[in-house]
Amino acid sequence: MAWLDFIKIDAKEVFLLGDVFDFWFEYATVIPKGFIRLQGKLAELSDLGIKLYFFKGNHDMWVFDYFKKEFGMEVISDELIIERNGKRFFLHHGDGLGSGDTTYKLLKNFFRSNFCQWLFARIHPNLGMGIANYWSGKSRLANYKKEGNQQVELEEAWVKAFYTDLKQKHGGFDYVIIGHRHFPISVGLNDGSTYFNLGEWVNYTSYAVFDGEKVFLLNFDEQNIEA
């Protein structure tokens, strides 16, 4: 809430790159208990004229049209390619990108299927949310510890391979920004573009801001710009 109050002063657009909720499912007449203050704050930003974007993450992939109807927030299922002030952006939650990870990609396609969504909707919310909370307790973030140089090296190797394929498919970008991998980092690439992973809010309270010219990776607690 404090961060949203902080950015609403001068933000024009806000991009929430997924896994905002530990779990989310929209039944036909039911939404998960809790999160009302967050929804109210997002509605306040929308009323101020700030454009909101919500990217489906692997924890909240079952967001449908509730946020769009309630406060006009655009829901993005996969990537979003945009241009702002002459800068080209590739935005994505980040799950299932790059080569490999075939098992997860198959599971993701199944979980996103209409059949799987219909099947889960048949489960009473009390049981459905219980199952979801159980699996969330086994997620990597629930058992996550901050890592150092080894994590940075793995991230740099992954993004350079991923960006090569991305550039062949979509052309070059000034900024590639994702959030799935939970480690705040920026990586300069050979063609002058920059990759950002936003990290997450549990350990880092990290986020990125575009000031019209450059993107900076910031920490809300300290407000230090990370080069």
Side-chain angles (χ1 to χ4, degrees), residues 1-22 24 35 37-97 141 155 159 162-163 166 170 172-187 189 193-220 223 225-226:
M1 298 304 100
W3 177 71
L4 290 171
D5 277 329
F6 173 76
I7 66 170
K8 72 181 182 183
I9 298 171
D10 58 0
K12 292 185 177 180
E13 298 174 289
V14 175
F15 301 82
L16 302 175
L17 294 192
D19 288 354
V20 174
F21 304 99
D22 203 28
W24 183 271
F35 319 119
R37 292 182 64 223
L38 173 60
Q39 294 175 54
K41 184 60 66 176
L42 290 172
E44 178 187 341
L45 267 62
S46 180
D47 289 344
L48 291 172
I50 300 171
K51 182 66 176 177
L52 305 175
Y53 300 83
F54 185 99
F55 288 69
K56 294 182 180 180
N58 49 299
H59 281 256
D60 44 23
M61 66 174 65
W62 287 339
V63 169
F64 303 130
D65 60 358
Y66 175 72
F67 296 143
K68 175 69 174 179
K69 290 179 177 178
E70 287 297 310
F71 42 86
M73 183 160 64
E74 293 290 336
V75 177
I76 310 298
S77 294
D78 293 295
E79 73 270 7
L80 179 65
I81 296 173
I82 58 174
E83 185 172 317
R84 297 292 186 272
N85 284 23
K87 304 294 185 181
R88 196 161 182 252
F89 293 78
F90 177 90
L91 306 174
H92 197 289
H93 173 62
D95 62 324
L97 294 180
L141 183 56
E155 189 78 5
V159 71
F162 165 69
Y163 185 69
L166 179 68
H170 294 291
F173 293 90
D174 295 285
Y175 298 105
V176 176
I177 305 176
I178 69 173
H180 170 64
R181 298 169 75 85
H182 300 161
F183 190 82
I185 187 175
S186 62
V187 178
L189 301 169
S193 62
T194 305
Y195 161 84
F196 287 93
N197 190 293
L198 301 182
E200 39 76 14
W201 207 250
V202 177
N203 293 297
Y204 297 103
T205 60
S206 50
Y207 67 103
V209 60
F210 177 57
D211 67 358
E213 296 182 3
K214 295 179 63 177
V215 173
F216 301 93
L217 189 62
L218 305 177
N219 179 278
F220 180 59
Q223 287 302 298
I225 295 177
E226 299 179 13

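Bear in mind that the values here come from a model prediction, so they are computed numbers and not experimental data.
- Ring pair Phe54/Trp24: centre-to-centre distance not below 6.0 Å.
- Taking the ring pair (Phe, Tyr, Trp, His ring centres under 6.0 Å) definition, one finds that Tyr53 meets it with Phe15, sequence neighbours left out.
- The minimum heavy-atom distance linking Phe64 with Val75 is given by the pair O-CG2, 3.7 Å.
- Aromatic pair Tyr195/Phe162: centroids not less than 6.0 angstrom apart.
- Once rounded to the nearest 0.5 Å, the distance linking CG of Leu4 with CG of Leu42 reads 5.5 Å.
- Here the straight-line distance linking atom NZ of Lys12 with atom CD1 of Ile50 works out to 11.5 Å at 0.5 Å rounding.
- Every salt bridge (charged side-chain N to carboxylate O under 4.0 Å, His left out) that Lys51 has, sequence neighbours left out, goes to Glu74.
- Scanning all heavy atoms of the two residues, the minimum distance from Tyr66 to Gln39 falls at CE2-OE1, 3.2 Å.
- Within the structure, salt bridge (Lys or Arg N to Asp or Glu O under 4.0 Å) pairs that include any residue of residues 80-89 comprise Glu13-Arg84 (at least two apart or interchain).
- With hydrogens and angles disregarded, a donor-acceptor distance shorter than 3.5 Å links the side chain of Asn219 to the backbone of Tyr204.
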After noting the C-alpha distance and the side-chain angles of Phe71 and Glu44, does the key distance pass the side-chain contact (heavy atoms from CB on, under 4.5 Å) rule? CA-CA 9 Å; Phe71 42 86; Glu44 178 187 341; over 6 Å; no

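- Here the closest heavy-atom approach between residue Phe196 and residue Ser186 is recorded as CE2-CB, 3.4 Å.
- Rounded to the nearest 0.5 angstrom, His170 NE2 and Ile81 CD1 are separated by 4.5 Å.
- Between the side chain of Asn197 and the backbone N or O of Ile185 there is no donor-acceptor pair closer than 3.5 Å.
- Residues Thr194 and Val215 have side chains not in contact (no heavy-atom distance under 4.5 Å, counting atoms from C-beta outward).
- Using a 4.5 Å heavy-atom cutoff, the side chains of Leu166 and Phe173 are in contact.
- A donor-acceptor pair is defined here as one N or O able to donate and one able to accept, closer than 3.5 Å; such a pair exists between the side chain of Ser206 and the backbone of Leu198.
- Asp19 places a side-chain N or O within 3.5 Å of a backbone atom of Asn58 that can act as its donor or acceptor partner.
- We find the CZ-CG distance between Phe55 and Asp60 to be 12.0 Å, quoted to the nearest 0.5 Å.
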Please step through salt bridge (Lys or Arg N to Asp or Glu O under 4.0 Å) for the pair Asp5 and Lys8, ending with a clear verdict. CA-CA 5 Å; Asp5 277 329; Lys8 72 181 182 183; 3.1 Å; yes

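- In this structure, CG in Asp65 is found 10.0 Å from CD in Glu70, a value given to the nearest 0.5 Å.
- Judged by distance alone, the side chain of Asp95 and the main-chain N or O of His180 form no donor-acceptor pair under 3.5 Å.
- One distance of note links CG of Leu80 with NE2 of His93; it measures 15.0 Å at 0.5 Å rounding.
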